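For clarity, every value in this text was computed on a predicted model and none was experimentally measured.
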Amino acid sequence: MTSKSSPILTEFSGRSGEILERLNKLYPALIDLSLDRLKRLLNDLGNPEQHMPPIIHVAGTNGKGSTCAFLRAIGEEAGLKVHVSTSPHLVDVTERFRIAGHLVSEDELSTTLIEIEHVNQQQPITVFEVLTAAAFVLFARHPADLAIIEVGLGGRFDATNIITPMVSVITSISMDHEAFLGDTLAKIATEKAGIIKQNIPVIVDQQNPEALTVIKEIVHSLNAPCFIKDQEWSVTPTTSQLIYKDSKGTLELPLPSLLGQHQFRNAGLAIAALRNSKLSIPDNAYQGIAKAVWPARLQRLYGKLTDLITPESEIWLDGGHNPDAGKILAQMIQEKWQDKPLHLIVGMKDNKNVHDYLAPLIPLSTSIQAVVEPDQHLAMPISEIIKASGDYAISGGTVKEALLTLKQNHTAPIRILICGSLYLAGSVLRQDQ
C-alpha cells in the first residue's frame with residue numbers, strides 16, 4: 001500500500017524527538033471525542049489489540065504511573081516478561097513503550113510509526129491515537145506474559161479503551177482536566193470508570209463518596225467484580241513493612257520503594273490487581289514493590305544540577321499539578337522533611353489550578369520561586385504562579401537561575417524541591433543528565 005507524501009515519511013532521521021515533532025505537525029489536535037478513528041486504523045493494521053498478552057488497564061487522576069511501576073516490578077520479580085505503555089514521556093518518546101523489560105529502540109519505534117502512517121494515509125487521527133496504535137502493534141509482535149496499559153486522559157473515550165483487559169484498576173480520582181472530563185467529581189468519575197468492562201474485575205482505590213457512588217453504579221450495571229480499598233482489601237504500613245490483606249490471605253512485604261503514604265495505596269492496587277488476575281504470581285514476588293522505579297515522583301537528583309547548589313544540599317523532583325497532588329506532597333513533607341529548610345521551585349502548565357496546588361505547600365516552605373523553562377510545553381506565566389500564591393512566590397526565571405539564587409542566599413545545607421508540571425520535570429531531567 002502506498003501513502004500520500006507526509007512529513008513523517010520524508011527526510012526522516014529516526015530521532016525520537018523528530019518523530020514526535022513531525023507527528024504533531026501532521027496530526028493537529030482534534031476536539032471531538034471518538035474511538036472510531038482508532039478502531040478504523042487498528043482494523044487496517046490487523047487489530048493488534050486483539051493479539052496482545054493479558055492486559056491490566058489503569059485509569060485514575062493521581063497514581064496511575066506509580067501503580068503501573070508497581071505492577072511491572074511485581075511481574076518482573078515473578079519472572080514474567082512485561083510490556084508497559086505509559087504517558088506522557090518526560091525526556092524521550094521511547095519511554096512510553098517498554099517491551100518485555102526494555103524500552104523500545106528508536107529504530108523499531110520509527111519503523112513502526114512509518115508503517116502506521118503508510119496504513120493511515122493521513123486520515124484524521126490524533127497523535128495519542130497514533131502512539132497508542134504503535135504500542136498495540138509493538139506489544140502484539142513481541143511475546144510477553146503481561147501488558148500494562150495506562151490511560152492517557154479520562155477513560156471512557158481514551159484511545160486505550162479499545163482493549164479488553166483481564167483486570168481494570170481505578171486509582172484516586174480528583175478534580176483535574178475539567179475542560180475535558182467535566183466540572184464535578186461525579187462527571188470525572190463517570191469518565192474514569194468508563195474503562196470498566198462487563199464481568200471483568202476492577203480494583204478501586206479509596207475514593208471521595210461522590211466518586212465511589214458513580215463507580216459502584218457502573219460496576220453493578222456491568223456485573224463486574226469490584227474490589228475496593230478498605231472493603232475487599234487493605235494495606236497497613238508499619239515502620240519496616242507493608243501488610244496487605246484480602247480474602248486470599250495476608251502478605252507481609254517490604255515498604256514500597258516510592259516515597260509517600262499514597263504509595264502504600266498504589267502498591268496495594270497493584271497487588272490486588274495481580275491477585276485477582278488470571279496470572280499465577282507467587283507470594284514472594286510481591287516483594288517487588290520495594291524495587292519499583294518511577295521518574296519524577298519524589299525523585300532525588302544527583303546529576304549536573306547539583307553543581308549549582310551548596311555541598312550537602314539536596315535537589316528533589318516531583319511531577320504533580322492538581323490540588324490532590326499538592327495535598328499528598330504536603331503530607332509527605334510534614335512527615336519526612338522537617339530536618340532542614342525546604343525551598344520550592346515551581347513551574348506549571350497553563351490552565352492548571354495552581355492556587356489550590358500551592359495552598360498546602362506554602363506554610364511548609366521557606367521560599368517559593370516560580371519558573372518557566374524555554375522548552376516547557378504550554379507553560380503558565382511566572383506572574384500567574386506568583387498571583388496564585390498570594391504573592392508569596394517570587395520570580396525565579398529558569399530552574400538553573402533559581403538554583404543559583406538559592407546558592408547565593410544560603411550557605412547552610414537546604415532541601416530544594418522542583419515541582420509542578422510533568423513537562424517541567426522532563427526539562428529538568430534533560431538538564432540533569
Rounded distance (nearest 0.5 Å) linking atom CE of M52 with atom OG1 of T164: 9.5 Å
Taking N43 for the side chain and K39 for the main chain, is one N or O donor matched with an acceptor at less than 3.5 Å? no
The side-chain hydrogen bond (donor to acceptor under 3.5 Å, both in side chains) partner of S66 among Q263, H262, R297 is Q263
side-chain hydrogen bond (donor to acceptor under 3.5 Å, both in side chains): which pairs involve residues 130-158, sequence neighbours left out? E108-H142, E115-R141, R156-E191, D158-T160
Would you list the atom pairs, donor with acceptor, under 3.5 Å between side chains in residues 214-230 and any protein atom, with sequence neighbours excluded?
residue: S221; atom: OG; partner: I218; partner atom: O; Å: 2.8
residue: N223; atom: ND2; partner: N199; partner atom: OD1; Å: 3.0
residue: K229; atom: NZ; partner: Q206; partner atom: OE1; Å: 3.1

Provide the closest heavy-atom pair for L146 versus P53 in the form atom of the first, atom of the second, distance. N-CB, 3.8 Å
So, taking the atom named CZ in F139 and the one named OG in S85, what distance separates them when rounded to the nearest 0.5 Å? 5.0 Å
Donor-acceptor pair, S389 side chain versus I386 backbone, under 3.5 Å? yes
Output yes when a side-chain donor or acceptor of D432 lies under 3.5 Å from a complementary backbone atom of G303, and no otherwise. yes
Write down the atom of L38, the atom of A159, and the distance for their closest heavy-atom approach. CD2-O, 3.2 Å
Please identify which of these residues, E373, M348, Q376, meets the side chain to side chain contact (heavy atoms under 4.5 Å, CB included) condition with Y423. Q376
Quick one, K327 with D356, criterion salt bridge (charged side-chain N to carboxylate O under 4.0 Å, His left out). Give me CA distance, side-chain angles, the key distance, then yes/no. CA-CA 9 Å; K327 292 175 185 176; D356 289 355; over 6 Å; no
